[in-house]
Amino acid sequence: MEKKEWYFEYELQYNRPGLLGDISTLLGMLSINIVMINGIENARRGMLILSQSDDNIERLKTILEKVETIKIRKLRKPTLRDRLAVRHGKYIHRDTEDRKTVRFVRDEFGLLVDFMAELFKSDGHKLIGVRGMPRVGKTESIVAGSVSANKKWLFVSSTLLKQTVRNKLIDGEYGEDYIYIIDGVVSQQRANEQHWQLIREIMQLPATKVVEHPDVFIQATEYTIDDFDYIIEIRRDDEEEISYEIMERQHNFDQGFSMFDF
């Protein structure tokens with residue numbers, strides 16, 4: 001019988017010496033293998049475990065529910081969030097009102113790149129929006145995630161090195177192996193009808209599209225925020241506000257485009 005993967009997370013009620021060893025021994029007695037283990041935020045530990053028997057997982061849960069030194073928080077088939085939590089020791093934070101919006105700060109760059117890479121690895125159409133103030137690392141993280149996912153990246157519109165506004169693709173630039181990157185502000189301010197026709201064509205491809213500044217992008221297109229599978233927000237710290245009004249005041253939006261020159 002093939003082994004199944006589970007995510008097991010518990011919270012320490014009393015961190016006595018040898019507790020982890022006792023839990024590991026119990027897992028071994030139930031023929032459950034530990035794939036990965038890490039401390040998670042706020043006195044929690046998370047594990048990816050393998051078991052051939054669902055009954056042994058239930059036995060594990062029954063036994064540990066009687067142990068006073070720990071409290072089981074999760075015992076389930078692992079989600080993407082679970083895998084990344086074990087790998088990095090912290091959880092991805094979701095918006096409390098919009099569950100498809102996930103939030104990162106600049107110090108979580110490794111976690112952010114890993115999250116993007118996992119999204120990029122899946123096949124088929126996916127539309128991802130990235131919000132953030134200038135120079136917070138939006139383009140940098142998208143490119144790094146593409147590299148980690150072993151995908152090619154292509155700028156449909158961008159200001160990474162110079163202003164890029166593509167009006168067509170060559171034959172070799174179509175395919176599921178590409179991550180198509182669109183800067184919503186550049187497209188809105190600099191594009192012509194040929195560029196928008198190209199974007200509509202790209203949207204029909206079974207590939208991942210990443211839109212920086214999605215709130216500006218939807219103002220110039222027939223798409224809405226509901227069309228996005230994920231919205232990723234990047235901040236320098238938890239308190240930073242993402243606001244285009246602030247950008248306009250700080251960088252004189254009407255007189256130039258320099259605020260988007262990375």
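Computed from heavy atoms alone, side chains included, the values below leave out hydrogens, waters and symmetry copies. Along the sequence shown, residues carry numbers from 1.
Side-chain contact check for Thr79 and Asp82: at least one donor-acceptor pair (N or O, by modelled atom type) lies under 3.5 Å. For the 3.5 Å distance criterion, the side chains of Tyr178 and Glu176 fail to qualify, holding no donor opposite an acceptor. Judged by distance alone, the side chains of Arg45 and Tyr10 do bring a donor and an acceptor atom under 3.5 Å apart. Neither side chain, Thr62 nor Lys66, offers a donor N or O lying under 3.5 Å from an acceptor on the other.
Under 4.0 Å is where a charged nitrogen must lie from a carboxylate oxygen, and between Lys100 and Asp229 no such pair does. With salt bridges taken as basic N to acidic carboxylate O contacts below 4.0 Å, none links Lys168 and Glu173. Salt bridge present: Glu118 and Lys121 bring a charged side-chain N and a carboxylate O closer than 4.0 Å. Classification of Glu140 and Arg106 as a salt-bridged pair holds, one side-chain N sitting under 4.0 Å from a carboxylate O. Using a 4.0 Å cut-off between a side-chain N of Lys or Arg and a carboxylate O of Asp or Glu, Lys90 and Glu41 do not qualify as a salt bridge.
Heavy-atom neighbours of Asn42 CG from other residues, nucleotides or ligands within 6.0 Å: at or below the threshold of 12. For Asp237, the CG atom sits in a packed shell: over 12 heavy atoms of surrounding residues, nucleotides or ligands are nearer than 6.0 Å. Other residues, nucleotides and ligands place no more than 12 heavy atoms under 6.0 Å from the CD atom of Glu239.
Atom OG of Ser24 sits about 11.0 Å away from atom CD1 of Ile49, to the nearest 0.5 Å. Taken to the nearest 0.5 Å, the CG atom of Leu64 stands 5.5 Å off from the CG atom of Leu26. One distance of note links CD of Glu233 with CZ of Arg131; it measures 5.0 Å at 0.5 Å rounding. Annotation: the span from Leu20 atom CG to Asp22 atom CG amounts to 9.0 Å, rounded to 0.5 Å. The CG atom of Asn38 sits 8.5 Å away from the CE atom of Met36 when rounded to the nearest 0.5 Å. Between the CZ atom in Arg235 and the CG atom in Asp238 there is a gap of 8.5 Å [rounded to 0.5 Å].
The side-chain heavy atoms of Tyr7 and Leu75, taken from C-beta on, include no pair separated by under 4.5 Å. Side-chain contact check for Val113 versus Met116: every heavy-atom pair is 4.5 Å or farther apart. For the pair Ile40/Arg73, no side-chain contact is recorded, criterion being any heavy-atom separation below 4.5 Å from C-beta on. A heavy-atom distance below 4.5 Å is not found between the side chains of Ile57 and Ser53. Looking at Ile70 and Ile23, their side chains come closer than 4.5 Å, going by heavy atoms from C-beta outward. Taking the side chain as every heavy atom from C-beta outward, Ile72 and Glu65 approach each other to under 4.5 Å. The side-chain heavy atoms of Val130 and Val210, taken from C-beta on, include a pair separated by under 4.5 Å. A heavy-atom distance below 4.5 Å is not found between the side chains of Lys152 and Ile179.
Counting all heavy atoms, side chain and backbone alike, Gln204 lies closest to Tyr223 at NE2-OH, 4.5 Å. Between Leu19 and Tyr14, the shortest heavy-atom distance links the atoms CD2-O, 3.8 Å. Nearest heavy atoms, Val86 versus Met47: CG2-N, 4.2 Å. Of all the heavy atoms in Pro78 and Arg83, the pair that sits closest is CG-NH2, 3.5 Å. Shown here for Pro214 and Gly129, the closest heavy-atom pair between the two residues is CG-CA, 4.0 Å. Across every non-hydrogen atom of Ile182 and Ser187, the tightest pair is CG2-OG, 3.7 Å.
Among the candidates Lys71, Arg81, Lys74, the single residue satisfying the salt bridge (charged side-chain N to carboxylate O under 4.0 Å, His left out) test with Glu9 is Lys74. For the ring-ring contact (aromatic ring centres under 6.0 Å, His included) with Phe115, the qualifying choice from Phe104, Tyr91, Phe109 is Phe104, the only one to do so.
Under the 3.5 Å distance criterion, the side-chain polar atoms of Asp227 are matched with a main-chain donor or acceptor of Thr224. At least one donor-acceptor pair under 3.5 Å links the side chain of Ser141 to the backbone N or O of Gly137. With Lys151 contributing its side chain and Phe120 its backbone, the two residues share a donor-acceptor pair below 3.5 Å. A distance-only check finds no donor-acceptor pair linking the side chain of Lys4 to the backbone of Glu2 [under 3.5 Å]. At least one donor-acceptor pair under 3.5 Å links the side chain of Glu108 to the backbone N or O of Val105. Between the Lys138 side chain and the Gly132 main chain, a donor and an acceptor come within less than 3.5 Å of each other. Checked by atom type and distance alone, the side chain of His195 never pairs as donor or acceptor with a backbone atom of Val165 at under 3.5 Å. At distances below 3.5 Å, at least one donor-acceptor pair connects side-chain atoms of Asn56 with backbone N or O atoms of Leu30.
Following chains of ILVMFWY side-chain contacts shorter than 4.5 Å, one can reach Leu60 starting from Leu12, so the two form part of one hydrophobic cluster. Residue Ile218 is not grouped with residue Val186 when hydrophobic side chains (ILVMFWY) are merged at heavy-atom distances under 4.5 angstrom, including chains of intermediate members. A continuous path of ILVMFWY side-chain contacts below 4.5 Å connects Ile34 to Ile32, so both sit in one hydrophobic cluster. One hydrophobic cluster, built from ILVMFWY side chains closer than 4.5 Å, cannot hold both Val211 and Val185; they sit in different ones. Note on Val216 and Leu127: separate hydrophobic clusters, where clusters join Ile, Leu, Val, Met, Phe, Trp and Tyr whose side-chain heavy atoms are under 4.5 Å apart, directly or indirectly.
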How far apart are the C-alpha atoms of Trp6 and Asp54, what are their side-chain angles, what is the distance that settles it, and do they pass the side-chain contact (heavy atoms from CB on, under 4.5 Å) test? CA-CA 10 Å; Trp6 297 79; Asp54 293 350; 3.5 Å; yes

Working note: His88 + Asp114, criterion side-chain contact (heavy atoms from CB on, under 4.5 Å); need CA distance, chi angles, decisive distance, verdict. CA-CA 9 Å; His88 292 272; Asp114 257 9; 2.7 Å; yes

With side-chain contact (heavy atoms from CB on, under 4.5 Å) as the test, would you mind laying out the steps for Ile128 and Thr208 before giving the verdict? CA-CA 8 Å; Ile128 301 169; Thr208 298; 4.0 Å; yes

What's the verdict on side-chain contact (heavy atoms from CB on, under 4.5 Å) for Tyr230 and Leu119, showing C-alpha distance, side-chain angles and the deciding distance? CA-CA 9 Å; Tyr230 290 91; Leu119 296 183; 3.5 Å; yes

Between Glu212 and Thr139, is the side chain to side chain donor-acceptor pair (under 3.5 Å) condition met? List the steps. CA-CA 8 Å; Glu212 298 181 34; Thr139 307; 2.7 Å; yes

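Below 30°, between 30° and 60°, or above 60°: for Phe228 and Phe217 the angle between ring planes is above 60°, a perpendicular geometry.
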